[in-house]
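Residues: numbered from 1 along the sequence shown. Read the numbers this way: they start at 1 and go in the same order the structure lists the ligands and their atoms. Note: hydrogens, waters and symmetry copies are ignored here, and every other heavy atom, side chains too, is used.
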Amino acid sequence: MNVVERAMAPAVFTEGRVPVFVPHVGIDTLKHLTDALEVGWLGMGATTQEFEERIAAYLGLRDRYVVCTNTGTSALHIALLAAGIGPGDEVITTSFNYVADHQAIRATGADVVMCDVHDDDLGLDVASAAALIGPRTKAIIPLHFAGVPCRIGAVRALAARHGLRVIEDACHAFGSTVDDAKIGSLGDLQFFSFDPVKVITSIDGGCVITPHRDEVERLQRLRLLGVDKDTTLRYQNKRAWGYDVVSEGFRYHLTNIMASVGISQIKRIDEFIAGRRTVCERYSDAFAGLPGVRVMRRDYSDVSPFIYSLRVPAPVREALIEHLSARGVDAGIHFVPVHRHTRFADARCTPMPVTDRIVDEVITLPLHSLMSDRAVERVIEGVWSFFN
Ligand SMILES: Cc1ncc(COP(=O)(O)O)c(C=O)c1O
């Protein structure tokens, strides 16, 4: 089956193995791509700007600004730099997180310090973070794990008491809401990822959202080699020849081609999220009563689910993964805690009783935007047959 045939029949994908992730690339995405290729301006341009405008409209932003980048990791890197973070500073995040954040912090010259998570939403434990705050602390990065909102109100209150920036890792949570407002529409800085397996993808991509008008040009310069006043022209698919370079900067911009994929996907996001919510609720209903098993949520109405994370007794996790695999169902593990990686073993940390326990309990089950009933049933049957 070629890519066009597959785009027209996404469910066929899951008749063999059931993978953890299946990005949905439909015929509509192929059309956006070929249209963008025909325009012939492949680099950052008018389509990048259109994607930013569509992100702002979807999230319901008012007096907030979107700057697209080529990855979520680069979005965080420039967000940290725009917030003035650098050598000698400390940034707090969770160890139970993707190492992209820790690497981006280190890339600024700042030090990573790591705290524990809450046992229920697996988001940043505010008391644990508070214990790490000292004179060098400049920012906190809480993660909305799996798309489930963390206790962001308490994080903001803690940051406000200590004059810290909050840079929300919303990479899993594009479309999740807190008190009916989309994550990204309130608070300090947020960043998102549109990598290949996220709820919407631009193949690779990301964005920063800031409420600070004066940070926008800084972010735009940081994403494009420190070039001054280039964004306006590029957004018209034009190039500035008489440019100046006024600051440090990187090649972190999002191209028209990648943005065209992102636009095709954001047009269908409501359908994708609805499909994912239904699967998560079916899983939670099926697994809630199993012995020793913990579901994160029964109700997913405020969640744009990126992954479905289940907690199982640590001693049986490996056997469950093998049992599922033998039935053609793949499973994943999110995350290996970062304080156990060699590069970050010397980082300052609080005690991590919850992280150290849950990392042996979490298992990620397959979740796709347009998942066939048969695939969902196979996952449920696989887990059920293991525990019964
Ligand atoms: C929690 C978290 N933060 C940051 C990132 C980095 O995003 P990207 O892969 O777009 O660089 C990811 C990507 O998977 C992630 O899961």
Side-chain angles (χ1 to χ4, degrees), residues 19-23 48 51-52 55 66-81 91-108 112 114-115 117-118 121-124 139-150 152 155 166-176 183-184 189-209 219 222-223 250-255 258-259 261-262 265-266 276 296 303-309 332-339 341 344 355 358-359 362 364 367:
V20 176
F21 300 113
V22 177
T48 311
F51 188 36
E52 288 174 343
I55 291 168
V66 183
V67 177
C68 272
T69 53
N70 59 352
T71 63
T73 310
S74 57
L76 174 58
H77 187 201
I78 62 171
L80 287 159
L81 293 172
V91 179
I92 300 172
T93 190
T94 48
S95 169
F96 186 73
N97 189 353
Y98 190 47
V99 71
D101 291 12
H102 313 72
Q103 292 285 27
I105 294 166
R106 285 251 177 116
T108 68
V112 181
M114 286 179 267
C115 67
V117 290
H118 287 291
D121 57 21
L122 307 186
L124 182 138
I140 306 180
I141 304 180
L143 165 66
H144 302 286
F145 174 69
V148 174
C150 70
I152 190 64
V155 176
V166 176
I167 307 177
E168 282 168 66
D169 184 331
C171 288
H172 293 188
F174 192 70
S176 295
I183 289 175
L189 294 161
Q190 290 81 25
F191 67 103
F192 292 97
S193 164
F194 307 118
D195 80 14
V197 297
K198 292 296 187 289
V199 174
I200 65 160
T201 180
S202 61
I203 309 298
D204 253 327
C207 71
V208 187
I209 294 180
L219 288 163
L222 283 163
R223 83 171 159 183
F250 308 88
R251 288 258 316 160
Y252 282 172
H253 58 282
L254 187 76
T255 66
M258 298 297 133
V261 174
Q265 298 257 312
I266 204 169
R276 297 171 91 93
M296 279 189 85
V303 181
S304 167
F306 163 49
I307 53 174
Y308 185 86
S309 182
I333 292 175
H334 294 87
F335 300 102
V336 177
V338 173
H339 71 281
H341 287 309
F344 295 96
T355 300
I358 58 149
V359 293
V362 285
T364 303
L367 176 63

Before giving the answer on side chain to side chain contact (heavy atoms under 4.5 Å, CB included), spell out for His144 and Ile152 the whole-Å C-alpha distance, their side-chain angles and the decisive distance to 0.1 Å. CA-CA 9 Å; His144 302 286; Ile152 190 64; 4.2 Å; yes

Can you find a heavy atom in the side chain of Phe145 that is under 4.5 Å from one in the side chain of Ser309? yes

At a 4.0 angstrom heavy-atom cut-off, ligand 1 is contacted by Thr71, Gly72, Thr73, Asn97, Tyr98, Ala100, Asp101, Leu143, Asp169, Cys171, His172, Ser193, Asp195, Lys198, Gly205

Do Val148 and Ser176 have side chains that get closer than 4.5 Å, going by heavy atoms? no

ring-ring contact (aromatic ring centres under 6.0 Å, His included) filter on Phe51, not counting sequence neighbours, yields Phe194

Lys198 NZ/CZ over Phe306 ring centroid, <6.0 Å and within 45° of normal: yes

Decide side chain to side chain contact (heavy atoms under 4.5 Å, CB included) for Ile167 and Leu80; before the verdict, give the C-alpha distance in whole Å, the side-chain angles of both, and the deciding distance to 0.1 Å. CA-CA 8 Å; Ile167 307 177; Leu80 287 159; 3.6 Å; yes

